[in-house]
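In this text the structure is predicted, and so the values were computed from the model without any measurement. Counting starts at 1 for both ligands and their atoms, in listed order. The figures that follow rest on heavy atoms only: side chains count, while hydrogens, waters and symmetry mates do not.
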Amino acid sequence: MDMIGHRIAGEVVASAATFTVENPATGELLAEVAEASAEDVDRAVRAACAAFGAWGRTPASARAAAMRRLADVIDAHVEEIARLETRDTGLPIAQTLKATIPRAADNFRFFAEVATRTEGHTYPVDDQFLNYTQRRPVGVAALITPWNLPFMLATWKLAPAIALGNTAVLKPAELAPLTADLLGRLVLEAGIPPGVVNVVHGRGEVAGDALVCHPDVNVLSFTGETTTGRTILGRGGPTLKRFSMELGGKSPVVVFADCDMERALDAALFGIFSLNGERCTAGSRILVEESCYADFAGRFVARARRLTVGDPFAEQTLLGPLISAEHREKVAGYVELGVREGAVLATGGGRPAGLPAALARGHFLEPTVLVGVDNHMRIAQEEIFGPVACVLPFRDEAEAIRLANDVSYGLAAYVWAGDAGRAHRVAGALDAGMVFINSQNVRDLRTPFGGMKASGIGREGGEYSLEVYTELKNICVSFGRHPIPHWGA
Ligand code: NAD
């Protein structure tokens with residue numbers, strides 16, 4: 001079993017306490033990991049503070065070159081990272097190897113460009129003054145990430161943070177910390193100075209909280225559950241650091257009868273069942289126009305039954321295990337609750353049949369579809385974060401919008417419609433940070449990523465990341481001899 005320490009100022013550092021991580025497909029113990037105390041976290045923050053001076057002054061072009069080197073190092077290790085991520089999370093290898101891990105390298109290449117292209121504004125005042133704006137790094141960025149896409153989400157935050165001149169302390173989720181440790185190693189391999197990126201492991205309530213409350217952490221970027229986000233804002237508020245919060249979702253897929261039904265089915269299935277359904281932007285509430293509801297739901301269910309669930313290392317596997325026994329219990333509990341609430345379990349809800357003995361201890365759940373769901377049910381309102389689709393009928397456009405928005409979350413939304421005017425009208429009316437029309441969830445790194453309502457505060461991505469990871473400064477210069485009172489002269 002591997003021993004994993006923190007990575008602080010380029011050194012591997014142990015803690016008095018440890019915790020273990022297991023392979024969610026097999027139950028095999030993967031690693032014993034150092035569990036940070038508040039003192040360990042303080043040491044990491046001090047390392048980041050010490051590295052900030054030189055890194056913050058490093059020319060943007062040199063930081064950008066370092067980001068490109070790191071992207072190349074990630075590319076050279078894609079296979080190793082993807083295999084480790086799949087062992088740690090149960091995400092199918094086809095999805096880690098071809099999609100989520102290569103995207104991590106893209107994050108560094110993209111923010112290398114952003115760092116060298118930051119612009120300012122000028123505000124001339126007659127011929128007397130000129131105001132101009134400048135962007136400066138904020139300082140130490142604490143990055144707290146969830147377990148569902150650990151490597152990609154860590155790089156999604158780390159790339160803008162360090163490309164723009166900050167130093168960082170990354171705290172990955174305790175359920176899947178292994179690729180964050182590997183990232184800490186690759187950062188050094190890419191020649192990024194020790195202390196610019198520090199990785200600490202541990203429990204949210206201890207290590208995470210120590211970052212949240214630390215007075216020398218200047219910006220905190222968090223991705224995780226809405227309830228955790230609320231705790232963090234309450235705990236960290238008094239330090240007046242900056243917060244970027246990417247939280248949960250319960251995203252609607254609105255299907256109108258005149259849409260390209262096959263493509264809507266493809267996207268709806270992929271949207272809820274990819275990444276094992278553990279996806280913040282999952283289209284978990286599928287609202288279908290009454291006139292095609294029976295046809296759509298029937299076809300959706302038939303296709304869900306055909307999805308291959310099993311060994312995440314098998315090429316053909318579409319769904320692997322859920323992250324932990326506890327999480328599987330929570331997800332399966334929602335399925336039971338849905339049935340008690342009056343929804344109809346059309347398929348799934350149980351352990352897939354015929355799994356090999358090696359996977360007997362894995363946290364597998366069949367792709368599950370609940371139909372006849374009412375929007376007031378808890379299964380339609382709460383984030384399940386697993387391979388569970390709720391399918392609901394709607395009568396007309398107005399009801400579709402009302403149902404789609406009648407939820408506390410507002411992360412993503414998907415609209416499938418043939419009538420272009422209607423598609424844009426509905427997209428405009430939905431409470432969601434990101435709306436996709438006749439499209440699955442595609443990510444362009446220039447666009448704002450984030451949610452409304454209980455799905456978060458702030459946006460990251462492209463120029464929007466500057467709001468999180470830079471301080472905006474105004475500098476005013478006088479050209480002439482404007483009047484200044486001669487007090488006490
Ligand atoms: P979580 O909130 O349980 O944990 C996320 C991280 O926060 C972990 O590193 C955890 O250790 C830490 N943490 C927990 N309690 C803390 C505390 N009191 N103080 C500081 N840190 C603390 O979330 P999870 O179960 O790991 O991830 C799933 C959630 O993440 C889902 O709700 C999902 O929607 C959300 N998510 C959102 C996005 C997005 O961009 N909006 C992306 C991916 C996942």
Write out the residue and atom name of the closest protein heavy atom to [atom], then the distance separating them to 0.1 Å.
{"atom": "atom 2 (O) of ligand 1", "value": "Thr228 OG1, 2.6 Å"}
{"atom": "atom 33 (C) of ligand 1", "value": "Phe385 CE1, 3.2 Å"}
{"atom": "atom 7 (O) of ligand 1", "value": "Phe222 CE1, 3.2 Å"}
{"atom": "atom 25 (O) of ligand 1", "value": "Trp147 NE1, 2.8 Å"}

Just which atoms of ligand 1 are under 4.0 Å from any heavy atom in [X]?
{"X": "Gly248", "answer": "32 (O), 34 (O)"}
{"X": "Thr223", "answer": "5 (C), 36 (N), 37 (C), 38 (C), 39 (C), 40 (O), 42 (C), 43 (C), 44 (C)"}
{"X": "Leu247", "answer": "34 (O), 37 (C), 38 (C), 39 (C), 41 (N)"}
{"X": "Ala173", "answer": "8 (C), 9 (O)"}
{"X": "Leu411", "answer": "41 (N)"}
{"X": "Asn148", "answer": "43 (C), 44 (C)"}

Polar contacts were defined as any N/O atom of the residue lying under 3.5 Å from an N/O atom of the ligand; does this apply to [X] and ligand 1?
{"X": "Glu383", "result": "yes"}
{"X": "Phe449", "result": "no"}
{"X": "Glu174", "result": "yes"}
{"X": "Glu246", "result": "yes"}
{"X": "Glu225", "result": "yes"}
{"X": "Lys171", "result": "yes"}

Before accepting this row, confirm whether a basic side-chain N of the pair [X]/[Y] lies closer than 4.0 Å to the acidic partner's carboxylate O.
{"X": "Lys330", "Y": "Glu278", "result": "no"}
{"X": "Asp42", "Y": "Arg46", "result": "yes"}
{"X": "Glu113", "Y": "Arg68", "result": "yes"}
{"X": "Arg135", "Y": "Glu467", "result": "yes"}
{"X": "Glu35", "Y": "Arg203", "result": "yes"}
{"X": "Glu22", "Y": "Arg361", "result": "no"}
{"X": "Glu471", "Y": "Arg242", "result": "yes"}
{"X": "Arg109", "Y": "Asp75", "result": "yes"}

Would a search of protein heavy atoms around atom 4 (O) of ligand 1 find one under 4.0 Å away?
->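 False for atom 4 (O) of ligand 1.
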
Which word best sums up how the rings of Phe385 and His327 line up, parallel for under 30°, tilted for 30 to 60°, or perpendicular for over 60°?
->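 Ring orientation of Phe385 relative to His327: perpendicular.
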
Does Pro172 come within less than 4.0 angstrom of ligand 1, counting non-hydrogen atoms of the residue?
->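 A heavy atom of Pro172 does come that close to ligand 1.
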
Proximity of [X] to ligand 1 by residue part, where a heavy atom lies under 4.0 Å:
{"X": "Ile144", "answer": "side chain"}
{"X": "Thr145", "answer": "backbone"}
{"X": "Leu153", "answer": "side chain"}
{"X": "Ile232", "answer": "side chain"}
{"X": "Thr281", "answer": "neither"}
{"X": "Ala207", "answer": "neither"}

Can you tell me how far the CD1 atom of Ile81 sits from the CE atom of Met152, to the nearest 0.5 Å?
->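 Here the interatomic distance stands at 13.5 Å.
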
Separation between CZ of Phe296 and CG of Leu287, rounded to the nearest 0.5 Å |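 CG of Leu287 is found 10.0 Å from CZ of Phe296.
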
So does Glu189 have more than 12 non-hydrogen atoms from other groups sitting under 6.0 Å from CD?
->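 More than 12 within 6.0 Å, yes.
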
Has Arg235 got more than 12 heavy atoms of other residues, nucleotides or ligands less than 6.0 Å from its CZ?
->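 Atom CZ in Arg235 is not packed in, count stays at 12 or less.
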
May I ask which of Gly204, Cys280, Ser251 has a heavy atom nearer to atom 39 (C) of ligand 1 than the others do?
->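 The nearest heavy atom belongs to Cys280.
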
Taking atom 35 (C) of ligand 1 as the point of reference, which of Ser455, Gly236, Gly224, Pro146 owns the nearest heavy atom?
->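 Residue with the shortest heavy-atom distance to the ligand atom: Gly224.
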
Taking all non-hydrogen atoms of both residues, which atom of Leu97 and which atom of Glu79 are closest, and how far apart?
->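 Scanning both residues completely, I find the closest heavy atoms to be CD1-CA, 3.8 Å.
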
Arg279 and Asn441: CA distance, side-chain angles, deciding distance, side chain to side chain contact (heavy atoms under 4.5 Å, CB included) verdict = CA-CA 11 Å; Arg279 177 175 192 150; Asn441 189 322; 3.9 Å; yes

